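Worth saying up front: this structure is predicted, and the values here are computed from it rather than measured. Note: hydrogens, waters and symmetry copies are ignored here, and every other heavy atom, side chains too, is used.
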Amino acid sequence: MTDPELFKYDVRIRERLMRRGLVNDADVTRHLEGLVDSEAKSETLPQAQPALGQNDPHRASPVGSVDSVDSVDEEEDEGDDDEGAS
């Protein structure tokens, strides 16, 4: 944000400014209603969120995840058994 006027609507400091009387509910409502909806221009980017749980089907597996390491270990274990049997 380059316009200092817009900082007063930043959710990280808005509550503090409201307590001080520098911004009121009407100002915030008027500002929010004046915003342009840009959802049509947006793009969804998948992002792994491990803290949200393992059962989310839309969650991308990060590189080197536990699942990929387990599958590599199983393949190596199978190869070890074949070498010992010869």
> Is it true that a side-chain atom of Ser42 and a backbone atom of Glu39 form a donor plus acceptor pair closer than 3.5 Å?
Replying inline: yes
> What is the distance from atom OH of Tyr9 to atom CG of Asp27, rounded to the nearest 0.5 Å?
Replying inline: 5.0 Å
>> I'd like to check the side chain to side chain donor-acceptor pair (under 3.5 Å) partners of Arg20; sequence neighbours left out, ordered by chain and number.
In response: none
>> Is there a side-chain contact between His31 and Leu6 in this structure, where contact means two heavy atoms from C-beta onward sitting under 4.5 Å apart?
In response: yes
> Do you know which two heavy atoms are closest between Pro46 and Thr44, and how far apart they sit?
Replying inline: CD-O, 4.0 Å
>> Can you tell whether the side chains of Glu33 and Arg30 come within less than 4.0 Å, N to carboxylate O?
In response: no
> Is it the case that one hydrophobic cluster holds both Val28 and Val11, taking links as side-chain heavy atoms less than 4.5 Å apart, direct or via other members?
Replying inline: no
> Taking a hydrophobic cluster as the set of Ile, Leu, Val, Met, Phe, Trp and Tyr residues connected by side-chain heavy atoms closer than 4.5 Å, whether directly or through intermediates, do Leu32 and Met18 fall within one such cluster?
Replying inline: yes
